[in-house]
Amino acid sequence: MKHLQKLTTPLILKWGYAFNNSRPTFGSFQKVRFYATAKKSKLKQEKEEECHIPRAVKKEAQAALLDYLHSTRSLQFMDAEHMSKNSPFFLSNLLRRIDNENDIRRSLTRFLRYHPINEFEPFFESIGLKPCQYLPFLPRDLIFLNDDYRLLDNYHILCNYGISRNKIGWIFAEAPEVFRYDSGVLDLKLASFHGVGIDQCTVVKLVCASPHLLIGNVHKEFFQVFEELKKTGVEYSWIEEQLNGNFVDWSHLLELICFLNGLGLTDQQLGKLICQVPGLLFDCSGRTTFSLIGFWLKFGIQIPELLGVFLHFPQIPISTFVFNMRQGYQFLIQIEMPFLEIGNIIHSYPTLLGSCVLKKATSLLTTLNTGKKRLCSVIKENPEFLRNLVRGAKVERLPIAEEELRSKMMKTKFLLDLGFAENSSEMEKALKLFRGKGVELQERFDCLVNAGLNRKHVASVLKIYPQILNQRKEVLEAKIDFLLNKLGLPLSTLISFPSYLNYTIPRTTLRVSMYNWLKDQGKVDPTLSLSTIIACSEKLFMKTYVNPHPKGLEVWQDLKREIYPD
């Protein structure tokens, strides 16, 4: 047929779904070689093209196929009509098998009378699958649709529920198990969504976006996540927007939500956070977030500190944040910054690296006209300097020596105001130990004074413990608040024990909780000072206070699990 030799031109628009990644689970579904599939290997090798069949020819061929499927094969009229009108590839191959181009309908009817077709091919194509996609699903020993009653029954349930026929192919490709369900199973799964207040229209959208919801107990895990998110003010319409057809491990998602709740986030705070950064939950079902948390923990950030980190999390995609964080870490490695210093930066500025898309180290060193050692020094002095090194920003050369001297003079002035002797060994030692600009140091100093401490006393303390001012203002405020409001101790405690500010809140909580329990048991001196409790090493604390009590180790481990959940 001359006019049928040019029936093939570009195929239907590409799907967003890569079928090669799917895993057919039907034990009986394999390739079968009927006449209509004889040329499929060639189709797979060549680029599939859309079949342009002349309108008159197409109309006659569709009518013949409809009559065969409905009248001869007894398929429901709606099924037969949809298959005949929505399987252009199958129809094109069928037309190549007949010779009489003058009476297409009659010739095709006669051909179908003596050549039964594999009805699964036009069926799969009509529900939205390409030939190369449905080949792995063709049953080995069946060619008639009515012989696979489970497939048809579940197909009809989805159609009657309101799911468009051409979208059912996506459900089949993503969750083929759904079409193996016994009678009534799929109905119950769909009905279960109504039990949590989700209307039918939304269920249709959810199932089309995430067919895995119909597999096993995934829908029950989804309901748990839905209820948790509902408490935060998040609606299911928002959840639907985040799915985008991606597989979601709802149990893993639930675990992440519980973890975030465990940090102390209120429902309102959690709802605001996940709406601002949806990927926090839905990027790889929360695995990206857990990998980020693991990265932070590796560099010394304690789990209780994560609350503040998430409350100030930047509004950028979590995957972008994690990528930037890793690139930033590699940047610091490339300029040969010591590991401990990298840890200090990540601990003090947990969201800094993730917020910056840094340029390459080699190009920056050239632009800044400096070496690795000096760049490390500048970044250690002021980690926020990294924001000046992002892609797209105009990078200027580092200050000349005179400007560096002026910066040092500002810090020196701050130290002189504290009472350090000019050009003394104490001054030189303090200049090396103090990190940050003079303005930042002054702000942290004022934080201690504003808390109620005497200015002269603070100055004398910093001569002995200069590292106290290397902590951010917020950290200092949190530790003072913990001392006054949680431990119930007076501010004067900082006069006798200023190095309290050098210890983390979780460490202090653990030691004091254990001491209070031992005190209630009458096993320790009830007048021990705070410095005695938290300043000694853990090994000495265990030996002196914990181990002597028969239940001491058990209580210690319980407290540790409570304060350090992971």
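Between Val322 and Asp283 the shortest side-chain heavy-atom distance does not fall below 4.5 Å. For the pair Leu483/Leu494, a side-chain contact is recorded, criterion being any heavy-atom separation below 4.5 Å from C-beta on. Side-chain atoms of Cys284 and His252, non-hydrogen and from C-beta on, never get closer than 4.5 Å to each other.
Note that the CD atom of Glu228 and the CG atom of Leu260 stand 11.0 Å from one another [nearest 0.5 Å]. Interatomic distance, Leu553 CG to Met542 CE, rounded to the nearest 0.5 Å: 5.0 Å. Taken from CZ in Phe445 to CG in Leu462, the straight-line distance is 6.5 Å, to the nearest 0.5 Å. Atom CD in Gln200 sits 5.5 Å away from atom NE2 in His194 (nearest 0.5 Å). Between the CG atom in Leu280 and the SG atom in Cys275 there is a gap of 11.0 Å [rounded to 0.5 Å]. Atoms OG1 and CD1, from Thr289 and Ile274 in turn, are 11.0 Å apart once rounded to the nearest 0.5 Å.
The six-membered or imidazole ring of Tyr545 lies away from that of Trp556, with a centre-to-centre distance of 6.0 Å or more. Within the 6.0 Å centre-distance limit, the rings of Phe299 and Phe339 are counted as a close aromatic pair.
The backbone N or O of Leu510 sits nowhere less than 3.5 Å from a side-chain atom of Ser513 that would complete a donor-acceptor pair. Thr509 places a side-chain N or O within 3.5 Å of a backbone atom of Ile505 that can act as its donor or acceptor partner. In this structure, the side chain of Lys360 does not engage the main chain of Phe331 through any donor-acceptor pair within 3.5 Å. Panel note: side chain Asn516, backbone Val512; a donor-acceptor pair is recorded below 3.5 Å. Thr508 contributes a side-chain N or O that, together with a main-chain N or O of Thr504, makes up a donor-acceptor pair within less than 3.5 Å. A donor-acceptor pair is defined here as one N or O able to donate and one able to accept, closer than 3.5 Å; such a pair exists between the side chain of Ser348 and the backbone of Asn344. For the pair Tyr515 (side chain) and Pro526 (backbone), a donor-acceptor distance under 3.5 Å is present. For the pair Thr544 (side chain) and Leu540 (backbone), a donor-acceptor distance under 3.5 Å is present. The backbone N or O of Gln269 lies less than 3.5 Å from a partner atom in the side chain of Thr266, making a donor-acceptor pair. Looking at Ser377, its side chain never comes within 3.5 Å of a backbone N or O of Lys373 through a donor-acceptor pair.
No hydrogens or angles considered: nothing links the side chains of Gln334 and Lys372 as a donor-acceptor pair under 3.5 Å. Side-chain contact of Asp446 with Asn450: a donor-acceptor pair under 3.5 Å is absent, judged by distance alone.
Of all the heavy atoms in Met337 and Ile342, the pair that sits closest is O-CD1, 3.6 Å. Between Phe497 and Ser531, the closest heavy-atom pair is CD1-CB, 3.4 Å. The two residues Leu263 and Phe310 come nearest to each other via the heavy atoms CD1-CD1, 3.7 Å. The minimum heavy-atom distance linking Ile468 with Leu448 is given by the pair CG2-CD1, 4.3 Å. Taking each heavy atom of Arg444 and Leu469 in turn, the nearest pair found is NH1-O, 2.6 Å. Residues Ile301 and Pro350 approach most closely at CD1-CB, 3.6 Å, considering heavy atoms.
Ring pair Trp296/Phe313 is perpendicular by interplanar angle, where above 60° counts as perpendicular and below 30° as parallel.
No more than 12 heavy atoms of other residues, nucleotides or ligands shown are found within 6.0 angstrom of CD on Glu562. Heavy-atom contacts from other residues, nucleotides or ligands closer than 6.0 Å to CZ of Arg472 number more than 12. Atom CZ of Phe323 is surrounded by 12 or fewer heavy atoms from other residues, nucleotides or ligands within 6.0 Å. Applying the 6.0 Å contact sphere to NZ of Lys167 captures no more than 12 heavy atoms from other residues, nucleotides or ligands.
For the pair Arg326 and Phe295, the cation does not sit on the ring face, since its NZ or CZ is not both under 6.0 Å from the ring centre and inside 45° of the axis.
Considering Val555, Val524, Asp558 in turn, Val555 is the only one that fulfils the side-chain contact (heavy atoms from CB on, under 4.5 Å) rule with Trp517. Of the candidates Leu254, Asp267, Leu270, Ile257, Ile257 is the only one forming a side-chain contact (heavy atoms from CB on, under 4.5 Å) with Leu229.
Using a 4.0 Å cut-off between charged nitrogen and carboxylate oxygen, Glu554 and Lys551 do not count as a salt-bridge pair. A salt bridge links Lys560 with Glu538: at least one charged nitrogen is closer than 4.0 Å to a carboxylate oxygen.
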Assess whether side-chain contact (heavy atoms from CB on, under 4.5 Å) is satisfied between Glu341 and Cys376, documenting all intermediate values. CA-CA 9 Å; Glu341 292 295 340; Cys376 282; over 6 Å; no

Between Gln467 and Asn502, does a side-chain contact (heavy atoms from CB on, under 4.5 Å) hold up when you go through it step by step? CA-CA 8 Å; Gln467 63 271 26; Asn502 288 328; 3.7 Å; yes

Could you please spell out the steps behind the side-chain contact (heavy atoms from CB on, under 4.5 Å) verdict for Ser291 and Arg287? CA-CA 6 Å; Ser291 70; Arg287 289 181 177 84; over 6 Å; no

Intermediate values then yes/no, side-chain contact (heavy atoms from CB on, under 4.5 Å), Gln268 and Thr232: CA-CA 5 Å; Gln268 184 180 5; Thr232 70; over 6 Å; no

